[in-house]
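Reading through the structure tokens given below for one structure.
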Amino acid sequence: MKKGMRRTLTALVLGIFFAGCTTIPGERDGMVFTEMINAGEWEALSEQTAEPFLLDTEMIMRRSDMREFWKILAEGNFRMGETELLVIDEPADSARYGSGLEIEQFFAKYVPERSATFLAQSTAGRFYMTIGRDEDRNRMIYAFAGPLGKEE
């Protein structure tokens, strides 16, 4: 086999291999959600919210309840405003959302291994957001908490 053809074949195989890998969410992934919140895009948020969804320490199991949550925030003109995102857990850690078996099981069962928890510091307060990719590689929000106290 010629040297140039071997390199091309190797590059092709590596490209296919790495294309299938799911990456851990970065700052851009988190900003997509803060932008949707700021724009009041509750329908888009609903579509990119995992089912079930963890809100503070409560699991929301029904899609209609998740839609209602985002809709109420949007209709109430909730905005995060200018936001700085910091990745604080890779992979995401259930302890950010409290202690207890229910929260630990939620993370073990529903949150993908390659997910991240962000600390969103905004003009509206400080929030946790856990973001990952579902099995179809769609960007999803799995958990949201806040506003947080100063020590958290």
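Sequence positions, counted from 1, serve as the residue numbers for this chain.
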Which distance, rounded to the nearest 0.5 Å, do you find between the [atom1] of [X] and the [atom2] of [Y]?
{"X": "Arg126", "Y": "Glu84", "atom1": "CZ", "atom2": "CD", "value": "11.0 Å"}
{"X": "Asp65", "Y": "Glu51", "atom1": "CG", "atom2": "CD", "value": "10.0 Å"}
{"X": "Ile141", "Y": "Ile37", "atom1": "CD1", "atom2": "CD1", "value": "6.0 Å"}
{"X": "Leu73", "Y": "Lys71", "atom1": "CG", "atom2": "NZ", "value": "13.0 Å"}
{"X": "Asn38", "Y": "Ser122", "atom1": "CG", "atom2": "OG", "value": "8.0 Å"}
{"X": "Ser94", "Y": "Leu101", "atom1": "OG", "atom2": "CG", "value": "10.0 Å"}

Output yes when a side-chain donor or acceptor of [X] lies under 3.5 Å from a complementary backbone atom of [Y], and no otherwise.
{"X": "Arg63", "Y": "Ser46", "value": "yes"}
{"X": "Gln48", "Y": "Arg139", "value": "yes"}
{"X": "Thr130", "Y": "Ala143", "value": "no"}
{"X": "Asp89", "Y": "Pro91", "value": "no"}
{"X": "Thr83", "Y": "Gly81", "value": "yes"}
{"X": "Asp93", "Y": "Arg96", "value": "no"}
{"X": "Asp56", "Y": "Tyr97", "value": "no"}
{"X": "Asp136", "Y": "Asn138", "value": "no"}

* **Contacts of Phe127 that satisfy ring pair (Phe, Tyr, Trp, His ring centres under 6.0 Å) - sequence neighbours left out** => Phe78, Phe144
* salt bridge (charged side-chain N to carboxylate O under 4.0 Å, His left out) against Glu104, all qualifying residues, sequence neighbours excluded -> none
* Is there a side chain to side chain contact (heavy atoms under 4.5 Å, CB included) between Leu54 and Ile103 once you walk through the steps? -> CA-CA 8 Å; Leu54 187 67; Ile103 293 173; 4.3 Å; yes
Side chains of [X] and [Y] in contact at under 4.5 Å (non-hydrogen atoms):
{"X": "Phe118", "Y": "Ile88", "answer": "no"}
{"X": "Arg133", "Y": "Arg114", "answer": "no"}
{"X": "Ile131", "Y": "Tyr142", "answer": "no"}
{"X": "Glu43", "Y": "Leu45", "answer": "no"}
{"X": "Arg67", "Y": "Glu47", "answer": "yes"}

* To do: For side chain to side chain contact (heavy atoms under 4.5 Å, CB included), just list the numbers for Phe53 and Phe106, CA-CA rounded to whole Å, side-chain angles, deciding distance to a tenth of an Å, and then say yes or no.
  => CA-CA 9 Å; Phe53 174 66; Phe106 173 85; 5.7 Å; no
So which atom in [X] and which in [Y] form the shortest heavy-atom distance, rounded to 0.1 Å?
{"X": "Ala74", "Y": "Gly40", "result": "CB-O, 3.6 Å"}
{"X": "Ala124", "Y": "Pro147", "result": "O-CB, 4.4 Å"}
{"X": "Thr123", "Y": "Met80", "result": "OG1-O, 3.0 Å"}
{"X": "Gly30", "Y": "Leu85", "result": "C-CD1, 3.3 Å"}

* To do: Determine, stepwise, if the pair Leu55 / Phe69 fulfils side chain to side chain contact (heavy atoms under 4.5 Å, CB included).
  => CA-CA 9 Å; Leu55 177 60; Phe69 165 70; 3.6 Å; yes
* **ILVMFWY network linking Ile72 to Met61, side-chain heavy atoms under 4.5 angstrom** => no
* To do: Please test Met129 against Leu119 for side chain to side chain contact (heavy atoms under 4.5 Å, CB included), starting from the C-alpha separation and ending with a verdict.
  => CA-CA 7 Å; Met129 293 189 307; Leu119 173 62; over 6 Å; no
* Result of checking Glu35, Met31, Met36 against Phe33 for side chain to side chain contact (heavy atoms under 4.5 Å, CB included) -> Met36
